[in-house]
Trainee: 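Here it is, the structure in full.
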Amino acid sequence: MASPSPRALVIVLVLSLLAFSAPAANSLACTTQKLTDSGIYSTCLDLPALGSTLHYSYNAANSSAAVAFITSLPESRGWVSWALNPTGTGMVGCQALIAFKDASTGAMAVKTYNVSSYGSVEESKISFEVWDMAAESATDGTMRIYAKIKVPGDASKLNQVWQVGPSVTDGVPDKHDFAVANLVAKGTLNLVSGQTSSTSGDSGLQKKNIHGILNVVSWGILFPFGIIIARYLRVFPSADPTWFYLHVFCQFSAYVIGSAGWGSGLSLGGKSEGIIYSSHRNLGIAIFCMSTIQMFALLVRPKKDHKYRFYWNIYHHGFGYSIIIIGIVNVFKGYDILRPAEKWKSRYITTIAALVGFALLLEVVTWMVVLKRGSYKSTRPSYDGSCDGQSRQDSLAL
Ligand SMILES: *[C@@H]1O[C@H](CO)[C@@H](O)[C@H](O)[C@H]1NC(C)=O
Ligand SMILES: *[C@@H]1O[C@H](CO)[C@@H](O)[C@H](O)[C@H]1NC(C)=O
């Protein structure tokens with residue numbers, strides 16, 4: 001078998017990464033949703049949290065509106081809710097429609113709630129007229145609430161609140177989670193112009209998104225990618241010493257971007273009152289410390305034939321692989337806290353799966369190259385001081 005050129009491998013890797021992580025065209029997710037009765041809704045909006053959307057049409061003549069609220073639910077035995085709050089911006093005062101599966105009939109039911117405190121909620125009449133209420137658990141995994149309402153007050157300035165909860169006990173919706181996405185799931189709704197905005201923490205949410213992007217790109221993608229370069233490219237003599245500089249470049253960029261992400265995380269943590277995501281925070285600190293030590297690894301790297309090089313390799317590789325694992329775990333913890341639209345998490349999963357797939361492929365290819373050259377002297381993985389290629393031809397171990 002002809003050995004594939006390392007340059008081609010890098011190009012394939014980079015292209016596929018771009019393909020997987022490039023954001024889709026900037027269209028509203030809600031426009032692709034299929035509704036049973038789609039004809040009656042003239043407008044749709046992507047709500048800024050919990051991956052939810054609102055379809056509606058407003059009839060100014062008698063100030064009534066038809067609304068369809070769509071969201072995905074973490075647990076099928078949970079509840080979903082859409083509410084207007086005529087008296088405030090938060091949960092208290094909400095006139096809510098809450099839908100969940102009725103335990104006795106197994107069918108989806110939607111009920112109204114006058115939420116007067118942060119305690120448990122009780123079914124009750126609400127302050128505006130509602131009719132044609134229906135709920136549906138759609139085949140695409142979303143839950144939907146349909147209703148027609150007599151709009152209370154100024155239709156261009158409504159306070160809406162939406163929410164999802166994990167469970168229902170004896171017909172009463174249990175508390176929802178207190179992740180960032182749950183807490184920011186509210187905003188003003190303008191039924192006349194068709195706009196929505198977040199009332200609280202809009203800029204806070206933006207900071208959290210930036211924090212997320214920096215850390216996903218650095219620890220979650222670049223860092224593992226740099227390790228793949230180091231592990232596989234150096235099998236090819238022609239890639240020496242290019243792989244080394246690519247590896248250093250990748251890890252150093254990951255470190256710089258990751259440090260910015262880490263700093264933004266500390267600042268968010270400092271501003272977050274009452275809610276502390278301690279394991280996310282502690283893992284973040286561990287990653288930052290370990291990667292800082294990794295950066296110094298470059299400075300204290302013993303020469304290839306130095307007797308301590310063996311130990312240096314063990315430490316450098318051990319730290320490197322630990323950072324990948326902790327980094328990816330922490331990225332997923334971050335997704336659970338921020339709960340961006342589901343597609344971001346699935347794109348990340350696809351990217352990681354692609355990286356793993358390439359790593360496995362390269363594992364096979366490099367093994368074939370090594371075996372073909374007939375160098376069985378050392379078996380992989382070994383710590384034979386292979387960090388600067390010169391002796392690659394003799395010792396191909398990684
Ligand atoms: C408002 O008008 C629409 C369409 O003409 C009608 O379906 C709806 O029932 C009316 N709403 C109220 C509150 O009268
Ligand atoms: C909702 O609850 C509040 C506080 O208990 C009460 O003042 C209000 O009248 C209730 N609204 C309706 C429509 O029952």
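Any value given below was found using the heavy atoms of this structure, including those in side chains, with hydrogens, waters and symmetry copies removed. Counting starts at 1 for both ligands and their atoms, following the listed order. For this chain, numbers begin at 1 and follow the sequence in order.
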Trainee: In this structure, is the centre-to-centre distance between the rings of Tyr348 and Phe332 below 6.0 Å?
Mentor: yes
Trainee: Determine, considering heavy atoms only, which of Gly93, Ser116, Pro86 sits nearest to atom 5 (O) of ligand 2.
Mentor: Ser116
Trainee: Can you name the residues that form a side chain to side chain contact (heavy atoms under 4.5 Å, CB included) with Met133, not counting sequence neighbours?
Mentor: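 Expected list: Leu97, Val110, Thr112, Val130, Ala147.
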Trainee: Is the distance between the ring centroids of Tyr315 and Tyr311 under 6.0 Å?
Mentor: no
Trainee: Yes or no, since that's all I need: does a protein heavy atom fall within a distance strictly under 4.0 Å of atom 9 (O) of ligand 2?
Mentor: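 It does not: no protein heavy atom is found less than 4.0 Å away from atom 9 (O) of ligand 2.
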Trainee: Considering the heavy atoms of Ser127, write down every atom of ligand 2 situated less than 4.0 Å from one of them.
Mentor: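 So the atoms of ligand 2 that pass are 13 (C).
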Trainee: More than 12 non-hydrogen atoms from neighbouring residues, nucleotides or ligands closer than 6.0 Å to OH on Tyr41, yes or no?
Mentor: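 Enclosed.
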Trainee: Out of Ile126, Thr112, Val115, Asn114, who gets a non-hydrogen atom closest to atom 11 (N) of ligand 2?
Mentor: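 Among Ile126, Thr112, Val115, Asn114, the closest heavy atom to atom 11 (N) of ligand 2 comes from Asn114.
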